[in-house]
> 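This is the structure, below, for whatever I ask next.
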Amino acid sequence: MPDFHRIAALPQLVGQTVAVRGWVMTTRSSGKIAFVALRDGTGYLQAVLSRQEVPDAAWEALGKLAQETSLEVTGVVRADRRAPGGVELQASDLTIIGPSHDFPITPKEHGTAFLFEHRHLWLRSRRQVAIARVRHEVVQAIRDFFYERDFILVDTPILTGSIGEAAGNLFAVEYFDLGTAYLAQTGQLYVEAAAAALGKVYCFGPTFRAEKSKTRRHLTEFWMVEPEVAWNDSNDNMKLQEEFVSYVVARCLERRRPELAELERDMRPLEAIRPPFPRISYTDAVEKLGALGSGIEWGRDLGGDAETLLAKQYDRPVLVYNYPKQVKAFYMKENAADPRTVLNNDMLAPEGYGEIIGGSQREDDHDKLLARIREEKLPEDAYSWYLDLRKYGTFVHSGFGLGVERTVAWICGIPHIREAIAFPRTLYKLWP
RNA sequence: UCCCCGGUAGCUCAGUCGGUAGAGCGGGUGACUGUUAAUCACUAGGUCGCAGGUUCGAGUCCUGCCCGGGGAGCCA
């Protein structure tokens with residue numbers, strides 16, 4: 001029995017007899033010679049069967065190889081210029097493990113609605129495999145970045161009683177005798193508490209928004225990483241963001257070039273992603289957008305079109321800082337130099353991918369924070385623990401949240417955020 | 001919640017002026033010893049989203065509904 005190997009290992013095994021297990025992508029036959037294209041998750045391989053060199057049973061099995069049949073092929077690894085990938089398997093035997101019939105996703109075009117109805121099977125396609133691998137790299141790079149900088153991971157609750165930013169748009173669930181609980185839309189308030197314990201912390205997990213958003217940039221369930229740093233002001237915060245995003249992009253370029261190539265991602269724009277990133281204040285951005293012909297009046301949040309237009313002016317992500325207080329969350333620190341604004345920033349990805357980061361310095365003055373909670377008519381009791389952080393040794397601190405799927409979509413150059421997660425949850429998608 | 005677009009074979013779509021339902025791919029059968037989404041021949045496959053209306057006659061025109069997509073708002 002030859003040893004079983006993954007396809008990715010075969011270039012190092014030229015001349016050896018090996019067994020490979022995988023799934024059929026396509027078959028081609030010319031009567032007495034046949035080609036089976038298969039995949040195993042690590043790579044793609046062409047097996048070559050010659051009528052006179054395989055047992056009758058293997059040749060008969062060939063006729064039953066529909067798309068996505070699982071099988072084991074044994075044979076000699078051979079370098080051949082004609083083979084996709086440089087090596088192929090000259091088969092000596094072939095065994096069907098699990099038959100397959102009428103696989104719904106054929107090697108032709110499909111619409112996105114159909115593909116998402118078959119998401120559990122669509123994951124097997126080359127493109128989706130490449131995206132999954134890039135996402136994995138992004139997630140690993142995020143963890144490594146913070147580990148290398150001595151951040152401590154703090155897992156924040158998904159079920160919460162108090163609410164995050166604004167009321168509404170939360171998923172509610174029954175919680176025993178304690179009434180209604182909500183699925184977290186941010187871990188930020190909790191990492192603020194943890195920052196006073198551990199200094200540099202982050203949380204990384206799923207987050208939930210019950211917004212009825214139907215756009216290519218929105219999911220109801222998505223992954224977000226939220227660092228929070230004691231003694232960082234807003235400028236420190238922006239510096240951390242540009243180093244962080246540059247690190248993640250560089251890692252993908254370093255380790256996932258084959259996947260990005262598979263996705264036909266133009267990697268040149270990604271090569272330009274290194275600190276420092278351009279910075280522009282909200283007020284200057286409004287002026288600039290006016291000059292560019294997009295009439296945004298001061299005091300209103302930047303819309304999607306305005307964000308895209310602004311981001312197009314730069315070859316790397318742009319940091320837009322100090323937004324008007326009234327369009328931002330209650331916990332953001334008032335800007336002493338211009339109290340109409342707060343010390344926050346968004347990061348807009350290039351190439352029209354929009355906001356990938358939202359961050360701010362937090363209001364550390366107890367009375368000002370309480371006043372803002374009252375202004376927003378938030379339930380004061382629910383925030384008493386949050387106010388405690390300002391009562392017992394308040395401290396300057398800042399943090400941000402980065403949306404994983406938006407970041408993956410940008411790095412992969414894919415048009416739709418829904419392809420950036422294995423099983424997307426949207427307004428109309430709870431299945432599969 | 002609002003605006004725009006769509007729904008015809010398993011999939012992607014065409015269907016003219018209202019006049020017998022079409023193509024490619026996929027499936028099936030067969031041919032072929034180096035294919036790269038192989039090629040070639042033959043073949044099966046339809047509740048035209050649902051309901052009603054106009055008409056001699058509706059995939060096509062009208063009304064209502066259902067489902068989906070994109071965008072706005074909101075955000076990562």
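Per chain, numbering begins at 1; letters A, B, ... match sequence-line order.
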> Is the shortest distance from a Lys or Arg side-chain nitrogen in A:Glu60 or A:Lys64 to a carboxylate oxygen in the other one below 4.0 Å?
no
> Looking at A:Phe204 versus A:Phe146, is the centre-to-centre ring distance below 6.0 Å?
no
> Taking the side chain of A:Ser29 as heavy atoms from C-beta outward, which of B:rA76, B:rC32, B:rC11 is closest to it?
B:rC32
> Say we look at B:rG26 and B:rA21: how far apart would their P atoms be, to the nearest angstrom?
27 Å
> Taking atom C1' in both B:rU20 and B:rC5, what distance in whole Å separates the two?
32 Å
> Stacking between A:Phe222 and the base of B:rA76 (centre distance under 5.5 Å, interplanar angle under 30°)?
yes
> Parallel, tilted or perpendicular: which one describes the rings of A:Phe400 and A:Phe244, with boundaries at 30° and 60°?
tilted
> Are the aromatic rings of A:Phe151 and A:Phe145 close, with centres under 6.0 Å apart?
no
> Give the ring-plane orientation class for A:Tyr323 versus A:Tyr282, where under 30° counts as parallel, over 60° as perpendicular and anything between as tilted.
tilted
> What is the separation between atom CZ on A:Arg425 and atom C1' on B:rA76, rounded to the nearest whole Å?
19 Å
> To the nearest Å, give me how far apart CG (A:Leu302) and P (B:rA72) are.
13 Å
> Round to the nearest Å and state the distance from A:Leu115 atom CG to B:rG26 atom P.
17 Å
> May I ask you to say what A:Glu117 touches in the nucleic acid, namely base, sugar-phosphate or nothing, with a heavy-atom cut-off under 4.0 Å?
nothing
> Using atom P in both nucleotides, what's the gap between B:rA14 and B:rU60 to the nearest angstrom?
16 Å
> A:Asp102 CG to B:rG45 C1': how many Å, rounded?
12 Å
> Between B:rG59 and B:rG18, how far apart are the two C1' atoms, rounded to whole Å?
11 Å
> Residues of residues 45-67 of chain A with any non-hydrogen atom less than 4.0 angstrom from an atom of RNA chain B: list those, numerically ordered, please.
A:Gln46, A:Gln52
> A:Asp305 has an atom CG; how far is it from atom P of B:rG73, in whole Å?
8 Å
> Quick one: label A:Asp346 by what it contacts on the DNA or RNA (base, sugar-phosphate, nothing), any heavy atom closer than 4.0 Å.
nothing
> Give one of base, sugar-phosphate or nothing for A:Gly354, where a contact means two heavy atoms less than 4.0 Å apart.
nothing
> Strictly by Watson-Crick or wobble contacts shorter than 3.5 Å, is anything paired with B:rA72, and which nucleotide is it?
B:rU1
> Tell me what A:Arg78 touches on the nucleic acid: a base, only sugar-phosphate, or nothing, going by heavy atoms under 4.0 Å.
base
> For A:Arg28 and B:rU35, give me the distance from atom CZ to atom P, rounded to whole Å.
10 Å
> The side chain of A:Arg418 is closest to which nucleotide in this list: B:rG70, B:rG68, B:rC32?
B:rG70
> Checking all strands, does A:Ile356 fall into the base, sugar-phosphate, or nothing category for heavy-atom contacts under 4.0 angstrom?
sugar-phosphate
> Ring centres within less than 5.5 Å and planes less than 30° apart: is that true of A:His218 and B:rC75 in this structure?
yes
> Starting the side chain at C-beta, find the nucleotide from B:rU35, B:rC11, B:rG69 nearest to A:Arg82.
B:rU35
> What is the separation between atom CD on A:Glu307 and atom C1' on B:rC74, rounded to the nearest whole Å?
11 Å
> Between A:Arg217 and B:rA72, does any side-chain N or O lie under 4.0 Å from OP1 or OP2?
yes
> Ring centres under 6.0 Å, that's the criterion: do A:Phe330 and A:Tyr383 meet it?
yes
> Go through B:rG70, B:rU12, B:rA76 for me and flag the one nearest to the A:Phe114 side chain.
B:rU12
> Is A:Glu419 paired with A:Arg127 through a side-chain N to carboxylate O contact shorter than 4.0 Å?
yes
> What integer number of Å spans the C1' atoms of B:rG73 and B:rG15?
39 Å
> Testing the 3.5 Å rule here: is there a donor-acceptor pair between the side chains of A:Ser398 and A:Asn232?
no
> Which whole number of Å gives the distance between the P atom of B:rC65 and that of B:rC4?
14 Å
> Is A:Lys333 salt-bridged to A:Asp364, going by a charged N under 4.0 Å from an acidic O?
yes
> Whole-Å distance between B:rA76 C1' and A:Arg406 CZ?
5 Å
> Determine the interatomic distance between P on B:rC61 and the same-named atom on B:rC17; round to the nearest Å.
10 Å
> Categorize A:Lys429 for me: base, sugar-phosphate, or nothing, with a 4.0 angstrom heavy-atom threshold over every strand shown.
sugar-phosphate
> Give A:Ile417 one of three labels, base, sugar-phosphate or nothing, depending on what nucleic acid heavy atoms sit under 4.0 Å from its own.
base
